[in-house]
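Here is the structure we will look at.
Quantities reported herein were computed from a predicted structural model and do not represent experimental measurements.
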Amino acid sequence: MSCIVTSVGLKGLEGYRVQVQVQVVEGMESIVVVGLPDASLKESRERVSAALRSLGFPLVDMKVVINLSPAEQKKNGPLFDLAIAIGVLKSGNFLKDEIPGDAGFIGALSLDGTVLPVEGMIAAILAAKKLKLRTLFLPFDPSIPSIEIPGLELVYIETVQDVLDVLSGQQLLPFARHSEKEEEQQVVERDFDQIIGHEFAKRALEIAASGEHFVLMDGPPGCGKSLLAETFRSILPPLSKEAQLEKISLYQLAGAPYTSITLPPYRHPHHSASAVSIIGGGSNPKPGEVSLAHRGVLFLDELGEFSKKTLDMLRQPLENETVTISRAHSTVTYPAKFIFIAAMNPCPCGFYGSKNQYCTCTDKQIKAYKGRVSGPILDRMDMLLSLKAVNMKDHDFSGIESSEEIMKRVCTARERQYLRYDREICNGSVPFEELIKASPLTAGQQSKLQRLSIHQGLSNRVQIKIIRLARTISDLQGAQSITDEALNEALALRRIPPFSPASMTGETKGMVYE
């Protein structure tokens with residue numbers, strides 16, 4: 001007798017339907033798995049056989065053939081153990097009840113019949129929804145948040161016997177979950193009211209958070225670059241429910257721990273990290289730092305110390321917001337939509353251009369150091385900031401804005417963007433055609449930008465980034481269209497002086513880079 005049980009396979013974060021076809025015939029006791037299973041999936045033969053024997057269903061004088069369809073797609077992991085066990089029980093006439101065609105089964109098996117959580121369960125749940133399954137049987141995992149997906153019933157089980165009970169019409173008691181609020185209270189964030197000075201840099205980071213723009217900061221050691229980057233996450237809005245699920249899915253696939261569900265991720269790899277650890281990969285491709293920073297922040301400190309190869313590999317994720325990893329047996333794509341913050345010294349010793357310290361670097365050393373960051377990477381940065389050390393003696397410590405106050409303005413600016421584009425997307429990543437259609441430049445603004453482009457030799461990408469910045473600054477101002485003041489401030493954030501001094505208006509006139 002043969003039967004088909006539905007499960008979900010994973011290719012990165014993308015899921016696809018897997019039909020577990022099981023045939024049980026009389027013969028020498030054996031289990032054969034075909035359909036390009038990996039080593040861990042081949043071992044499911046022993047796990048399934050031992051689990052069924054523990055539950056009172058020994059496979060005596062039975063030959064079991066299992067085909068995982070589509071046969072040309074390589075299958076990884078013990079995700080299909082539960083589906084195989086249910087198929088064997090049905091095909092072997094141990095299970096009399098019908099298996100719904102729109103029901104899916106995922107989970108690994110222990111030898112006593114307990115169903116265990118596996119990597120990528122959240123991704124499998126989201127894939128089950130896209131595959132239009134109505135019911136999904138899966139093991140209970142208290143470490144993942146409670147999920148409610150319209151149109152998909154999640155049936156949490158503990159053993160294979162629980163599945164048989166549900167199929168026969170019995171109801172299971174819901175599993176108790178730990179309070180998620182207690183976990184969130186353990187997260188301690190830096191606050192912008194603890195940072196003295198750097199008002200221009202704070203303003204730039206507020207714009208970056210509002211429109212999801214990239215920032216490169218340079219300055220001498222100890223001027224506050226790392227502190228600003230570490231505090232940046234405190235002004236980002238909490239993750240939406242969909243973003244939370246994406247975050248947990250990626251961390252599960254990578255086997256990496258996380259401390260908070262609602263806070264955007266913040267990744268800070270050391271400059272000695274390999275290209276594979278940052279971009280992702282391996283013989284069995286897993287997400288790298290750029291994917292673990294999805295929906296959050298990737299901060300690369302000491303950018304000039306990273307290898308040139310590693311930095312150049314960032315081009316694709318910075319431009320396409322995805323990472324594609326190709327191997328001989330498969331190609332995997334992971335999301336990589338993050339806000340890129342980078343910091344570097346102006347030279348190897350760090351004191352080039354400083355008024356307080358003497359630079360000991362030669363011109364050749366400075367040129368080689370800056371040459372590690374290629375032109376295409378600089379071209380992809382929205383803002384270029386030069387920071388200087390703050391003079392504590394002359395600074396007024398009163399009236400420093402907190403992160404909460406800045407976050408309110410960031411949330412308001414993002415809501416304007418979501419309403420304009422009719423979806424959750426910001427000016428930094430919306431297709432340019434859509435942005436310019438909703439917010440066209442005036443004839444005077446177009447003429448000015450063209451003159452500047454010719455005079456400064458700006459690439460098309462830089463011009464587009466200036467327009468995106470100006471649109472975000474206008475959103476912070478509450479303006480319906482791109483204002484001249486916003487365009488001037490966007491030019492200042494790229495260290496581009498206006499073509500004519502007479503064009504400097506408002507607060508941007510006389511602006512300096514601190």
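- Side-chain contact check for Thr333 versus Val323: every heavy-atom pair is 4.5 Å or farther apart.
- One distance of note links CG of Leu116 with CE of Met121; it measures 10.0 Å at 0.5 Å rounding.
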Show, in sequence, the C-alpha distance, side-chain angles and deciding distance for Tyr266 and Phe299, and conclude whether the side-chain contact (heavy atoms from CB on, under 4.5 Å) test is met.
CA-CA 7 Å; Tyr266 175 82; Phe299 175 47; 3.1 Å; yes
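- Counting heavy atoms from C-beta outward, Ser326 and Thr331 have side chains that approach closer than 4.5 Å.
- By the 4.5 Å heavy-atom criterion applied to side chains, Glu153 and Leu136 are not counted as neighbours.
- Ring centroids of Phe338 and His294 are separated by 6.0 Å or more, keeping the two rings apart.
- Side chain of Gln445 to main chain of Thr442: a donor-acceptor pair is present (N/O by atom type, distance under 3.5 Å, no hydrogens or angles).
- Using a 4.5 Å cut-off on side-chain heavy atoms (C-beta onward), Met344 and Glu302 make no contact.
- No side-chain donor-acceptor contact under 3.5 Å links Thr483 to the backbone of Ala479.
- Side-chain atoms of Ile467 and Ile482, non-hydrogen and from C-beta on, do get closer than 4.5 Å to each other.
- A donor-acceptor pair under 3.5 Å is absent between the side-chain atoms of Arg267 and the main chain of Leu292, judged by distance alone.
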Phe232 vs Ile339, test: side-chain contact (heavy atoms from CB on, under 4.5 Å). Steps then yes/no.
CA-CA 10 Å; Phe232 177 70; Ile339 300 176; 3.9 Å; yes
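- Here the straight-line distance linking atom CG of Leu250 with atom CG of Leu13 works out to 4.5 Å at 0.5 Å rounding.
- Between the side chain of Lys130 and the backbone N or O of Gly15, no donor-acceptor pair lies under 3.5 Å.
- When every heavy atom of Gly219 is checked against every heavy atom of Pro346, the shortest pair comes out as O-CD, 3.4 Å.
- No donor-acceptor pair under 3.5 Å is formed between the side chain of Arg315 and the backbone N or O of Ile377.
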side-chain contact (heavy atoms from CB on, under 4.5 Å) between Phe432 and Arg468, worked out:
CA-CA 8 Å; Phe432 181 68; Arg468 292 182 186 276; 3.7 Å; yes
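- Between the side chains of Ser402 and Asp191, no donor N or O sits under 3.5 Å from an acceptor N or O.
- For the atom pair CG of Leu311 and CG of Leu303, the computed distance is 5.0 Å after rounding to the nearest 0.5 Å.
- At a threshold of 4.5 Å between non-hydrogen side-chain atoms, the residues Asn345 and Pro221 count as touching.
- Shown are Asn488, Asp382, Leu385, Val215; of these, the side-chain contact (heavy atoms from CB on, under 4.5 Å) with Leu493 is made only by Leu385.
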side-chain contact (heavy atoms from CB on, under 4.5 Å) assessment of Leu476 paired with Ser474
CA-CA 5 Å; Leu476 284 167; Ser474 300; over 6 Å; no
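- Of all the heavy atoms in Ile341 and Met217, the pair that sits closest is CG2-CE, 3.9 Å.
- In this structure, the side chain of Gln244 engages the main chain of Leu239 through a donor-acceptor pair within 3.5 Å.
- Using the six-membered ring where Trp is involved, His271 and Phe306 have ring planes that are perpendicular, over 60° apart on the 30 and 60° scheme.
- Residues meeting the salt bridge (charged side-chain N to carboxylate O under 4.0 Å, His left out) test with Glu321, sequence neighbours left out: Lys337.
- The closest donor-acceptor contact from the side chain of His213 to the backbone of Thr472 lies at 3.5 Å or more, if one exists at all.
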Derivation of the salt bridge (Lys or Arg N to Asp or Glu O under 4.0 Å) call for Lys241 and Glu246:
CA-CA 9 Å; Lys241 195 68 176 178; Glu246 290 180 358; over 6 Å; no
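- A distance of 8.0 Å separates CZ of Phe340 from CG of Leu216, quoted to the nearest 0.5 Å.
- Of all heavy-atom pairs spanning Ala124 and Ile106, the tightest one is CB-CD1, 3.8 Å.
- Proximity of Leu228 to Ile195: side-chain heavy atoms (C-beta onward) are separated by under 4.5 Å at one or more points.
- Shortest non-hydrogen contact noted between Ala490 and Leu469 is CB-CB, 3.7 Å.
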Name the atoms and distances for all side-chain donor-acceptor pairs under 3.5 Å in residues 413-421, with sequence neighbours left out.
unit_1: Arg414; atom_1: NE; unit_2: Ala209; atom_2: O; d: 3.0
unit_1: Arg414; atom_1: NH2; unit_2: Ala209; atom_2: O; d: 2.8
unit_1: Arg416; atom_1: NH1; unit_2: Asp475; atom_2: O; d: 2.6
unit_1: Gln417; atom_1: OE1; unit_2: Asn427; atom_2: N; d: 2.7
unit_1: Gln417; atom_1: OE1; unit_2: Asn427; atom_2: ND2; d: 3.3
unit_1: Gln417; atom_1: NE2; unit_2: Ser210; atom_2: O; d: 2.8
unit_1: Gln417; atom_1: NE2; unit_2: Ala413; atom_2: O; d: 3.2
unit_1: Arg420; atom_1: NH1; unit_2: Asn427; atom_2: OD1; d: 3.4
unit_1: Arg420; atom_1: NH1; unit_2: Asp475; atom_2: OD2; d: 3.4
unit_1: Arg420; atom_1: NH2; unit_2: Asp475; atom_2: OD1; d: 2.3
unit_1: Arg420; atom_1: NH2; unit_2: Asp475; atom_2: OD2; d: 3.3
unit_1: Tyr421; atom_1: OH; unit_2: Asn427; atom_2: OD1; d: 2.6

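- Side-chain atoms of Ser234 come within 3.5 Å of backbone atoms of Thr231 as a donor-acceptor pair (strictly under, hydrogens ignored).
- Checking side-chain atoms of Tyr334 against main-chain N and O of Pro285 turns up a donor-acceptor pair under 3.5 Å.
- Leu314 has its side chain within reach of Ile279: a pair of non-hydrogen atoms, C-beta onward, lies under 4.5 Å apart.
- Arg495 and Leu384 get closest at one heavy-atom pair: NE-O, 3.3 Å.
- A salt bridge between Lys308 and Asp312 is present, with a side-chain N of the basic residue lying under 4.0 Å from a carboxylate O of the acidic one.
- The minimum heavy-atom distance linking Val8 with Ala127 is given by the pair CG1-CB, 3.8 Å.
- A salt bridge does not link Glu401 to Lys408: none of the charged side-chain nitrogens sits closer than 4.0 Å to a carboxylate oxygen.
- Side-chain atoms of Lys225 come within 3.5 Å of backbone atoms of Pro220 as a donor-acceptor pair (strictly under, hydrogens ignored).
- Separating the CZ atom in Arg461 from the CG atom in Leu378 is a distance of 11.5 Å, to the nearest 0.5 Å.
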